[in-house]
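Below is one structure, written out as structure tokens, with a few remarks after it.
What you see is a predicted model; the values in this text were computed from it and never measured.
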Amino acid sequence: MSSLRAQSSDRPNVLVILTDDQGWGDLSVNGNTNLSTPNIDSLARDGASFDRFYVCPVCSPTRAEFLTGRYHARSGVYSTSAGGERMNLDERTIAETFRDGGYATGAFGKWHNGMQYPYHPNGRGFDEYYGFCSGHWGDYFSPPLDHNGLIVQGDGFCIDDFTNKAIAFMESNVKQNKPFFTYVPFNTPHAPMQVPDPYWDRFKDKPLAMRHRDPQKEDVDFTRAALAMCENIDDNVGKMLAKLDQWKIADNTIVIYFCDNGPNSWRWNEGMKGRKGATDEGGVRSPLFIRWPQSIPAGKQVSQIAAAIDLLPTLAELTGQKVGGSKPLDGRSLAPLLTRDDADWPDRKIVSHWKNRVSVRNQRFRLDNRGELFEIATDPQQRVNVAEKFPEVMAELVAAAESYQTDVAAGYDDDQRPFPIGHADYRYTQVPARDANFNGGIQRSNRFPNCSYLKNWTQTDEVISWDATVGASGIYEVQLHYTCPAEDIGSTIELSFGDSKLTCQLTEAHDPPLRGFENDRVKRPESYVKDFKVVTLGRIELTEGPGQLQLKALEIPGDQVMDFRLLFFTKIE
């Protein structure tokens, strides 16, 4: 048992807040005078701040590294959509560690590591889940969301909604005197750039005193929207911190705050090179604040480099939890740095990786993915290549990059995993357009699959399909989420898996307008969405095992079949 754990008769609660596309520079505590984030800043004042903390260049890999304590390539995460965001099922998560230790576990927000159970949060150690499993969502105001596998309607602006649900979860466990592990992965300031009016009104005409190091690259309105979203995040963090005070558990609750990658636009970030998607400092440096008044000194400054892979072993040691599973962790516990001034801490190497780009950081230097070396201690903006000046360092970091590519990343994106339908331990399965294959003239509503739907389905030889596997034999009720104008209604569609078939005629027209743009503050890259109609197709008997799930049209009386969004399976018997 950890000596830290032994100091208290009560196990500490844990609250982890992760934001999406918020850069290191998007906080007033880090020097940005364009905005004010007093509640997040208070975590630095009252707890520990890490000067150089690293995450991945994009969303789903960072989440996987936090959840597993291992580099994302080890867990099969190689993309941000269409199945590539899923963590392998033999990975053990931080939620499983805490659940097995007697904690109530809940997640509220953007999951982004798999939708179908057992990839779903409920299959990865979370007793309670409310949010969305995709990489991004099309409308942040009262959108359809996932509550423990069921599709429900959100309540207002989603960040406020996630906060309220997280507070309710924590409060229910406080009343039961049960420790909680609460994970709040907010989905802002990721686009679409949407935020309630009071926040936007503060920024829509505001002059920005601090700009990107190359100001001509900056979209000022996008920056304003991002900063408005960050101030909304700060208010929601404040709501949660105030509740911890109200419940008189703040002293014995570990609160962690960090971001999943660099900023999603060119904006002020202390002049660092790169942004979201890059393996340079600006793409992977994140704030990290850890507050635990009972054991971590207020205002603690940590200069040693650290990473998302370190948070699982750190929290396990701080709370006395046993890290189970047979797979070795890539992270190391930061507990000594948090509680002692004389910790024995040898230098280390942290790898940043996305697609074919690999960068390696030690305490002093960064080797970038182009083979240039930068002395971050004296050149934090990566402007001077010092490879020739430090050949031994260069050789050592190049060797580390090559070792990572050979031992960790080789073949990690060779994905043969089917999409699961049904499970003995879970009733519900969502099968979205996002994960589908299709042929002919069928088109996605957007090149980014996450919240997209399929349109322009006009021919009987066009098929929508999924490489799937049924986890539990049985009878399943199937619902379809679709739209179709009245002049095209009447198509007969067939859903099949192996020898099982379900045929249904679409008889109800539903042709709503696109939505989402009415809430945008700037132009978006993601798909707009619709209020899709839900119709029950019927029941189908599925036999356990692999196969191809297919959706096709047998008859098309009009110009199109429908716009297709989702199939929803419920195991009946």
One thing to verify: whether K204 and D201 come together as a salt bridge, which I'm taking to mean a side-chain N less than 4.0 angstrom from a carboxylate O. yes
Would you find more than 12 non-hydrogen atoms of other residues, nucleotides or ligands less than 6.0 Å from K327 atom NZ? yes
Under 6.0 Å between ring centres, would you say that holds for F66 and F258? yes
Please work out which of the three classes, parallel, tilted or perpendicular, describes the rings of Y130 and F162, given edges at 30° and 60°. perpendicular
Thinking salt bridges, do R99 and D127 make one under a 4.0 Å N-O criterion? no
Using 30° and 60° as the class limits, which term best fits the ring planes of F532 and Y453: parallel, tilted or perpendicular? perpendicular
Any donor-acceptor N or O pair under 3.5 Å, side chains N88, R417: yes
Could you check whether the rings of Y426 and H120 sit parallel, tilted or perpendicular, using 30° and 60° as the cut-offs? tilted
Working to the nearest 0.5 angstrom, can you tell me the gap between F568 CZ and L150 CG? 5.0 Å
Answer yes when D260 and R63 have at least one side-chain N-carboxylate O distance shorter than 4.0 Å, and no when they do not. yes
Y71/H353 aromatic ring centres below 6.0 Å: no
Answer yes or no: are there more than 12 heavy-atom neighbours, outside D499 itself, under 6.0 Å from its atom CG? no
One pair to check against side-chain hydrogen bond (donor to acceptor under 3.5 Å, both in side chains): D20 and N264. What are the steps and the verdict? CA-CA 9 Å; D20 192 359; N264 55 344; over 6 Å; no
Can you tell me how far apart CZ (R86) and CD (Q116) are? Round to the nearest 0.5 Å. 7.0 Å
Mind checking the CD-OG1 spacing from Q560 to T458? Nearest 0.5 Å is all I need. 9.0 Å
Do S527 and S452 have side-chain atoms, one donor and one acceptor, less than 3.5 Å apart? no
Using modelled atom types and a 3.5 Å cut-off, is there a donor and acceptor pairing between side-chain atoms of T93 and backbone atoms of R124? yes
From D146, L145, L566, residue fulfilling side chain to side chain contact (heavy atoms under 4.5 Å, CB included) relative to I151: L566
Ring centre gap for F132 and W137 strictly below 6.0 Å: yes
Between the main-chain N or O of P485 and the side-chain N or O of D488, is there a donor-acceptor pair closer than 3.5 Å? no
Check the surroundings of atom NZ in K523: do more than 12 heavy atoms from other residues, nucleotides or ligands lie under 6.0 Å from it? no
Just by distance, with hydrogens left out, do R357 and T279 show a side-chain donor and acceptor under 3.5 Å apart? no
Please determine if R267 and E218 form a salt bridge, counting it only when a charged side-chain N lies under 4.0 Å from a carboxylate O. no
4.5 Å side-chain heavy-atom contact, F186 and T163: yes
Report yes if some heavy atom in the side chain of P263 is under 4.5 Å from a heavy atom in the side chain of W268; otherwise report no. no
Within the supplied structure, the quantity of interest is the number of heavy atoms (other residues, nucleotides, ligands) at a distance under 6.0 Å from R370 CZ; does it exceed 12? yes
Taking atom CG as the centre, does D90 end up with more than 12 heavy-atom neighbours from other residues, nucleotides or ligands that are less than 6.0 angstrom away? yes
Of N148, N122, T105, T182, the one forming a side-chain hydrogen bond (donor to acceptor under 3.5 Å, both in side chains) with E128 is N148
Lys/Arg-Asp/Glu bridge criterion (N-O < 4.0 Å) met for D155, K165: no
Can you tell me how far the CD1 atom of I489 sits from the CD atom of E508, to the nearest 0.5 Å? 8.0 Å
Taking the basic N atoms (NZ, or NE/NH1/NH2) and the acidic carboxylate oxygens, is any pair closer than 4.0 Å for K530 and D139? no
Taken to the nearest 0.5 Å, the spacing of E65 CD from L329 CG works out to 12.0 Å
